[in-house]
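Since the structure comes first, as structure tokens, the remarks are kept for the end.
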2 protein chains.
Amino acid sequence: MTTARPGLRENQRLRTRKDLLEAAARLVRQGRNPSLEEVAEAAMISRATAYRYFPSVEALLSEAPLDVAMPEPGDLFARVGTDDPVARVKLVDAAVAQVIANEATALRMMLVHSLQFRLKGGTGQMPARQNRRTPLIEAALEPVRKRLGAASFDRLVRALALVIGTEGAIVFKDVLELDDHEAKAVRQWMIGALVGAALQDAKD
Amino acid sequence: MTTARPGLRENQRLRTRKDLLEAAARLVRQGRNPSLEEVAEAAMISRATAYRYFPSVEALLSEAPLDVAMPEPGDLFARVGTDDPVARVKLVDAAVAQVIANEATALRMMLVHSLQFRLKGGTGQMPARQNRRTPLIEAALEPVRKRLGAASFDRLVRALALVIGTEGAIVFKDVLELDDHEAKAVRQWMIGALVGAALQDAKD
DNA sequence: GAGATAATGAGATTATTATCTCATGTCAAT
DNA sequence: ATTGACATGAGATAATAATCTCATTATCTC
């Protein structure tokens, strides 16, 4: 008897939770900055229940899955016939920049709420921020993975993730006040410099 | 006659404004995440007046002057007898990292409110985020300024500002989930790679 | 299917945040 | 000093966000 062990009523709860997160993501993608009440309504769930699942909009929005149209590594590199890591990473950068430009508001909102949540939440464990670009960067660097070695490879991936991601874009724009063109120029130069330096390291 | 031209009652207004900003900064440095009402109270100014000057806490906190104990370029490089740009930039990085570690909460809060404000404010002109590290970076690179040329110098400064600043630290920690030690390793490597590449460019 | 019980919904309640109103105090020019 | 214009303060009011209560509904076990 007894099938698996669905907790007590886990399915029901997981479904409600998922509905809330999806509704939140939907609203955010429409460029709205929804309150918890709006999300609940969009999910056809009562406020009270929504508050039972998430203590604040911040908690909700920092987990919402923004299924942004990030290209698959396969698609991205299929047509490009090069093994040049710099060219490949620049390709990733261009693709990511494209996505960021399209979803700028939504991505920024997610980041803000995520940071805000960390401020309020204090010590509790945080939901991991999704990081969709790292796989792309790793795929771009695949041709030189062996040559670099694990440690150097990881370090380069992390460095590039800082340069290429959403957050980097926001820093360039909001903090350093560069326009898109300037920001792109800096990023492209950084990509060349960083990949070049990593390869140089490997020669020694 | 008539002394200068104090607007109509500009001094008075400037003073209240300043009092509000200072009170906000003070509270933030104490690690609090104050509401506009709390700031007003701390500044001994009524809510109503505070709202006359700033439409929201975000607006207030994104302008609050966090006079963080950032070292002066002079002091920082006085004792170090080197012209090696990499060593000097690493010195800046260490100093900035120190400050960031001390004021982590306050700096993060300022960043969050600043981004939040941009979200709400929409199109209006934003108060420029203060950027205290760029002068330090420029001072560190002074020995190679001529060699690099203006364009290359600026580009390098911008790239390093991304790596070294508060925002970069937050990205490393919150998004990429690196611990302090890992983050530092990546930053130091990036500094070497970027400065090295810029110098290399200059040789051609 | 019936009973037990967890999950939900709807509305009331409270807390927090923002705005409005008008009386009072202050500044500057006469 | 008097006047007029402006800034301020205090409290009322409105708007929003969060919490609580309890009746209802849905799911699980048998």
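In this text, all values refer to a predicted model and were calculated from it rather than measured experimentally. Every chain is numbered from 1 and lettered A, B, ... according to where its sequence line falls, protein lines coming before strand lines.
- Listed pair A:Thr49 / C:dG9 meets the phosphate criterion, a side-chain N or O lying under 4.0 Å from OP1 or OP2.
- Counting heavy-atom neighbours within 6.0 Å of A:Glu38 CD, excluding the residue itself, gives a total above 12.
- Base pairing annotation: D:dT29 forms a Watson-Crick or G-U wobble pair with C:dA2, both donor-acceptor distances under 3.5 Å.
- Pairing for C:dG25 goes to D:dC6, judged as Watson-Crick or G-U wobble with the two contacts each under 3.5 Å.
- Separating the CE atom of B:Met44 from the P atom of D:dT8 is a distance of 14 Å, rounded to the nearest angstrom.
- In this structure, CZ of A:Arg13 is placed 17 Å from C1' of D:dT25, rounded to the nearest angstrom.
- If you take OH of A:Tyr53 and C1' of C:dG9, they are 13 Å apart, rounded to a whole angstrom.
- In this structure the side chain of A:Arg17 never reaches within 4.5 angstrom of the side chain of A:Leu60, judged on heavy atoms.
- Ion pairing of B:Arg145 with B:Glu142 is present here, as a side-chain N (NZ or NE/NH1/NH2) and a carboxylate O approach within less than 4.0 Å.
- With sequence neighbours excluded, no residue satisfies side-chain hydrogen bond (donor to acceptor under 3.5 Å, both in side chains) with B:Thr105.
- Surrounding CD of B:Glu41 are at most 12 heavy atoms belonging to other residues, nucleotides or ligands under 6.0 Å away.
- Rounded to an integer number of Å, the gap from CG of B:Asp19 to C1' of D:dG9 is 15 Å.
- When the side-chain nitrogen and oxygen atoms of B:Arg17 are compared with OP1 and OP2 of D:dA7, none of them lie within a distance under 4.0 Å.
- With a 4.5 Å cut-off on side-chain heavy atoms, A:Lys120 and A:Glu58 count as touching.
- Contact annotation: A:Tyr51 reaches the phosphate of D:dA18 (side-chain N/O to OP1 or OP2, under 4.0 Å).
- Rounded to whole Å, atom P of D:dT8 lies 7 Å from atom CZ of B:Arg52.
- Between the CD atom of B:Gln12 and the P atom of D:dT8 there is a distance of 5 Å, given to the nearest Å.
- Look at CG on B:Asn11: it is 16 Å from C1' on D:dT8, rounded to the nearest Å.
- OP1 or OP2 of D:dT8 lies within a sub-4.0 Å distance of a side-chain N or O belonging to B:Thr16.
- The pair A:Arg108-A:Asp174 meets the salt-bridge criterion, since a charged nitrogen lies less than 4.0 angstrom from a carboxylate oxygen.
- Between A:Leu60 atom CG and D:dA17 atom P the separation is 14 Å, expressed in whole Å.
- Comparing C:dA7, D:dG9, C:dG9 by their closest approach to the side chain of B:Ile45 singles out D:dG9.
- Annotation: proximity of residues 32-42 of chain B to DNA chain D (heavy atom, distance under 4.0 Å) is found for no residue.
- Comparing atom distances between the B:Arg47 side chain and each of D:dG11, C:dG9, D:dA10 picks out D:dG11 as nearest.
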